[in-house]
Undergrad: 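Mind looking over this structure? Questions follow.
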Amino acid sequence: MADTKRKPTSQSAGKVQPERKTVWQEFGAGASEDAAMERPVQELPPNQQQIRVQASRKGRGGKTVTVISGFQTKPETLATLLKTLKTQCGAGGTVKDMEIEIQGDHREKIMQVLVKQGYKAKVSGG
């Protein structure tokens with residue numbers, strides 16, 4: 001009688017795969033998010049920050065957006081300020097690259113809210 005069990009082929013016959021060793025790695029590639037290096041943000045009080053408020057249409061398909069820039073605060077502070085501004089203006093908005101963008105032209109309303117909270121803000125641009 002013939003043996004019914006198949007013998008393993010030479011390719012998969014108990015060969016142990018060697019560990020993959022990293023020979024070269026791009027800086028930061030594959031690093032865990034916890035180990036990511038972030039620049040520390042120096043949080044200044046509102047009265048020491050130079051805030052600029054401007055209306056812009058660049059790269060937005062002709063839609064006007066009010067951009068508030070010049071913040072030197074933590075992202076958490078920006079998020080709470082964004083929520084306040086969105087509520088006061090009745091419009092949507094977001095935080096991008098330490099700048100707040102509010103949909104529509106709300107320069108005067110935003111200036112009032114920022115000054116009320118103690119920021120030194122100026123309208124910039126046309």
Side-chain angles (χ1 to χ4, degrees):
M1 278 198 154
D3 189 17
T4 56
K5 289 185 178 178
R6 291 188 128 189
K7 292 181 181 178
T9 61
S10 62
Q11 293 176 352
S12 64
K15 286 188 177 180
V16 178
Q17 295 288 330
E19 272 188 42
R20 294 191 128 200
K21 294 182 181 179
T22 305
V23 176
W24 179 81
Q25 183 175 346
E26 184 83 24
F27 176 74
S32 68
E33 291 179 19
D34 297 334
M37 294 177 61
E38 294 182 16
R39 289 184 178 169
V41 177
Q42 180 183 7
E43 181 139 6
L44 292 176
N47 61 355
Q48 292 182 3
Q49 297 185 37
Q50 299 294 323
I51 307 299
R52 302 280 180 209
V53 180
Q54 66 182 16
S56 172
R57 284 199 241 177
K58 275 191 176 171
R60 294 178 178 88
K63 309 253 178 172
T64 304
V65 173
T66 306
V67 180
I68 306 126
S69 60
F71 290 104
Q72 293 181 352
T73 61
K74 295 180 180 175
E76 297 83 27
T77 308
L78 278 182
T80 57
L81 181 60
L82 171 68
K83 185 169 178 140
T84 304
L85 291 173
K86 285 171 35 175
T87 304
Q88 292 293 319
C89 296
T94 187
V95 175
K96 287 185 183 175
D97 300 325
M98 295 300 287
E99 294 182 344
I100 294 178
E101 295 181 0
I102 304 290
Q103 297 173 357
D105 188 359
H106 301 282
R107 288 180 286 190
E108 290 80 25
K109 217 179 279 187
I110 289 173
M111 283 291 299
Q112 291 172 0
V113 173
L114 290 176
V115 170
K116 195 176 193 180
Q117 291 193 2
Y119 288 95
K120 284 198 250 176
K122 292 183 180 179
V123 175
S124 112

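Because the structure is a prediction, the values reported are computed rather than measured.
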Undergrad: For S69, give me all partners under side chain to side chain donor-acceptor pair (under 3.5 Å), at least two apart in sequence or on another chain.
TA: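 Here no residue qualifies.
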Undergrad: Using 0.5 Å steps for rounding, measure from the CD1 atom of I51 to the CD atom of E99.
TA: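 Rounded to the nearest 0.5 Å, the CD1-CD separation comes out at 10.5 Å.
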Undergrad: For the NZ atom of K86 and the OG1 atom of T94, what is their distance to the nearest 0.5 Å?
TA: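 Going from NZ on K86 over to OG1 on T94, the span is 7.5 Å.
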Undergrad: If you measure from OG1 on T77 to CD on Q72, what distance do you get to the nearest 0.5 Å?
TA: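 It is 12.5 Å, given to the nearest 0.5 Å.
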Undergrad: Mind checking what makes side-chain contact (heavy atoms from CB on, under 4.5 Å) contact with T80, not counting sequence neighbours?
TA: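 By the side-chain contact (heavy atoms from CB on, under 4.5 Å) rule, T80 matches no residue at all.
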Undergrad: Would you name the heavy atoms of M98 and T73 that are closest together and state the gap between them?
TA: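 Scanning both residues, the minimum pair turns out to be CE-O, 3.0 Å.
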Undergrad: Listed by chain and number, what are the side-chain contact (heavy atoms from CB on, under 4.5 Å) partners of K116, not counting sequence neighbours?
TA: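 side-chain contact (heavy atoms from CB on, under 4.5 Å) list for K116, sorted by chain: empty.
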Undergrad: Are the side chains of L114 and I68 in contact, using a 4.5 Å heavy-atom criterion?
TA: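 Touching, per the 4.5 Å side-chain cut-off.
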Undergrad: Identify each donor-acceptor pair in which a side-chain atom of residues 102-110 lies under 3.5 Å from a protein atom, sequence neighbours left out, and give them as a table.
TA:
from : atom 1 : to   : atom 2 : distance (Å)
D105 : OD1    : R107 : NE     : 3.1
D105 : OD2    : R107 : NH2    : 3.2
H106 : NE2    : Q103 : O      : 3.1
R107 : NH1    : G126 : O      : 3.3

Undergrad: Nearest heavy-atom pair of A55 and T64: which atoms, and what distance?
TA: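 Closest heavy-atom pair between A55 and T64: CB-CG2, 4.1 Å.
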Undergrad: Output all residues satisfying side chain to side chain donor-acceptor pair (under 3.5 Å) with R60, sequence neighbours left out; order by chain, then residue number.
TA: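 Scan of R60 (side chain to side chain donor-acceptor pair (under 3.5 Å), adjacent residues dropped) gives S56, E101.
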Undergrad: Going hydrophobic residue to hydrophobic residue with side-chain gaps under 4.5 angstrom, can you get from V113 over to V67?
TA: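 Unlinked, V113 and V67 end up in two clusters.
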Undergrad: Should L81 and M111 be regarded as members of a common hydrophobic cluster, given that ILVMFWY residues are connected when their side-chain heavy atoms come within less than 4.5 Å of each other, either directly or indirectly?
TA: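 Yes, it is one cluster - the side chains of L81 and M111 are joined through contacts under 4.5 Å.
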Undergrad: How would you list, by chain and number, every residue that makes a side chain to side chain donor-acceptor pair (under 3.5 Å) with Q54, sequence neighbours excluded?
TA: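 Q54 satisfies side chain to side chain donor-acceptor pair (under 3.5 Å) with S124 only.
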Undergrad: Hydrophobic clusters here meaning ILVMFWY residues chained together by side-chain heavy-atom distances under 4.5 Å, can you tell me if V123 and L85 are in one?
TA: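 Yes: a chain of side-chain contacts under 4.5 Å links V123 to L85.
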Undergrad: Say whether V65 and V53 are linked into one hydrophobic cluster, either directly or through other cluster members, by side-chain heavy-atom distances under 4.5 angstrom.
TA: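 No, no single cluster joins them.
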